Asker: 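My structure is below; once you've seen it, I'll send some questions.
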Amino acid sequence: DQQVKQNSPSLSVQEGRISILNCDYTNSMFDYFLWYKKYPAEGPTFLISISSIKDKNEDGRFTVFLNKSAKHLSLHIVPSQPGDSAVYFCAASGGGGADGLTFGKGTHLIIQP
Amino acid sequence: DTAVSQTPKYLVTQMGNDKSIKCEQNLGHDTMYWYKQDSKKFLKIMFSYNNKELIINETVPNRFSPKSPDKAHLNLHINSLELGDSAVYFCASSQDSAYNQPQHFGDGTRLSIL
């Protein structure tokens with residue numbers, strides 16, 4: 001039972017354009033959401049997060065949008081750069097305590113020159 | 001200077017053996033975790049430790065046992081290894097046990113069972 005879903009296994013975007021990665025969740029107890037970036041043979045690297053009390057959080061080229069009623073979040077990267085090519089994981093937590101993160105399956109972003 | 005480090009990076013062993021994976025964090029964090037990434041690429045929580053106390057334990061076989069000598073270390077011991085244990089195991093840490101803390105990951109240990 002996937003509680004966090006990333007329905008696009010891969011996404012190809014031209015350098016300089018906007019990359020939009022999507023994520024859906026089913027568990028209404030989730031109230032903290034994160035995006036991680038992962039290169040091959042490395043661990044996930046924290047990118048940006050958002051609390052459920054907000055609908056947008058921005059950090060440089062990265063912006064995360066949260067639509068709580070739709071149980072949907074997205075990560076916007078603009079402008080996309082070659083170094084952004086990686087697998088992006090959406091993750092969620094909630095319920096209090098040291099809850100582990102629940103991850104999506106990841107989206108492989110490929111930035112084309 | 002590596003924040004969360006795991007050793008070994010690769011581990012190849014026979015079925016039935018016992019093995020350990022070590023994890024250390026130099027971030028001064030209070031909470032550490034172990035995750036398993038299976039062949040379908042899902043990352044799933046296995047354990048977490050907060051101030052040396054186990055606080056969650058998902059449906060993991062009791063052949064897996066986390067051991068924390070101090071808050072900077074969380075080792076994973078696996079007894080009687082099975083083929084299905086082949087996966088990448090990631091260690092992570094967070095500042096405290098609050099749910100709204102980002103977790104920082106090590107580079108993973110790829111375990112292959114022959």
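Bear in mind the structure is a predicted one, so any value in this text is a computation, not a measurement. Order of the sequence lines sets the chain letters (A, B, ...), proteins ahead of strands, with each chain counted from 1.
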Asker: Could you check whether any side-chain N or O of A:S10 sits under 3.5 Å from a backbone N or O of A:H108, counting only pairs where one atom can act as donor and the other as acceptor?
Answerer: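 Checking the backbone N and O of A:H108 against the side chain of A:S10, no donor-acceptor pair under 3.5 Å is found.
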Asker: Looking at residues at least two apart in the chain, or sitting in another chain, which of them share a ring-ring contact (aromatic ring centres under 6.0 Å, His included) with B:F105?
Answerer: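 Counting only residues at least two positions away or on another chain, B:F105 forms a ring-ring contact (aromatic ring centres under 6.0 Å, His included) with A:Y36, A:F103, B:Y35.
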Asker: Which bit of B:K9 is near chain A, if near means a heavy-atom gap under 4.5 Å: side chain, backbone, both or neither?
Answerer: side chain
Asker: How long is the gap from CG on B:L11 to NZ on B:K19, to the nearest 0.5 Å?
Answerer: 6.0 Å
Asker: Which region of A:Y39, side chain (C-beta onward) or backbone (N, CA, C, O), has a non-hydrogen atom less than 4.5 Å from a non-hydrogen atom of chain B, or is it both or neither?
Answerer: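 Contact with chain B is absent: no heavy atom of A:Y39 under 4.5 Å.
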Asker: Can you tell which part of B:Q6 gets under 4.5 Å to a heavy atom of chain A, answering side chain, backbone, both or neither?
Answerer: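 Neither part.
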Asker: Under 4.5 Å, counting heavy-atom pairs only, tell me which of B:A92, B:C91, B:G108, B:P102 racks up the most with chain A.
Answerer: B:P102
Asker: Under 3.5 Å, is there a donor-acceptor pair between the B:S94 and B:H29 side chains?
Answerer: no
Asker: Apply side chain to side chain donor-acceptor pair (under 3.5 Å) to B:S86 and list each qualifying residue two or more places apart in sequence or on a separate chain.
Answerer: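 So B:S86 forms no side chain to side chain donor-acceptor pair (under 3.5 Å) with any residue.
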Asker: Has the side chain of A:Q6 got a donor or acceptor atom that lies under 3.5 Å from a matching backbone atom of A:Y88?
Answerer: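 It does hold such a pair.
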Asker: Taking the side chain as C-beta and beyond, is there a heavy-atom pair between B:F47 and B:L76 under 4.5 Å?
Answerer: yes
Asker: Of all the residues in residues 41-79 of chain A, which have a heavy atom that comes within less than 4.5 Å of a heavy atom in chain B?
Answerer: A:A41, A:E42, A:G43, A:P44, A:F46
Asker: Is the shortest heavy-atom distance from the side chain of B:N75 to the side chain of B:S20 under 4.5 Å?
Answerer: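 Result no, sub-4.5 Å side-chain heavy-atom pair not found.
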Asker: How long is the span from the CG atom in B:L81 to the CG atom in B:D18, to the nearest 0.5 Å?
Answerer: 7.0 Å
Asker: So, B:Q25 side chain and B:K71 main chain: donor-acceptor pair closer than 3.5 Å or not?
Answerer: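 Yes: the side chain of B:Q25 pairs with the backbone of B:K71.
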Asker: Using a heavy-atom distance cut-off of less than 4.5 Å, which residues of residues 14-28 of chain A contact chain B?
Answerer: none
Asker: Working to the nearest 0.5 Å, report the span between CG of B:D107 and NZ of A:K38.
Answerer: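 Rounded to the nearest 0.5 Å, the CG-NZ separation comes out at 8.5 Å.
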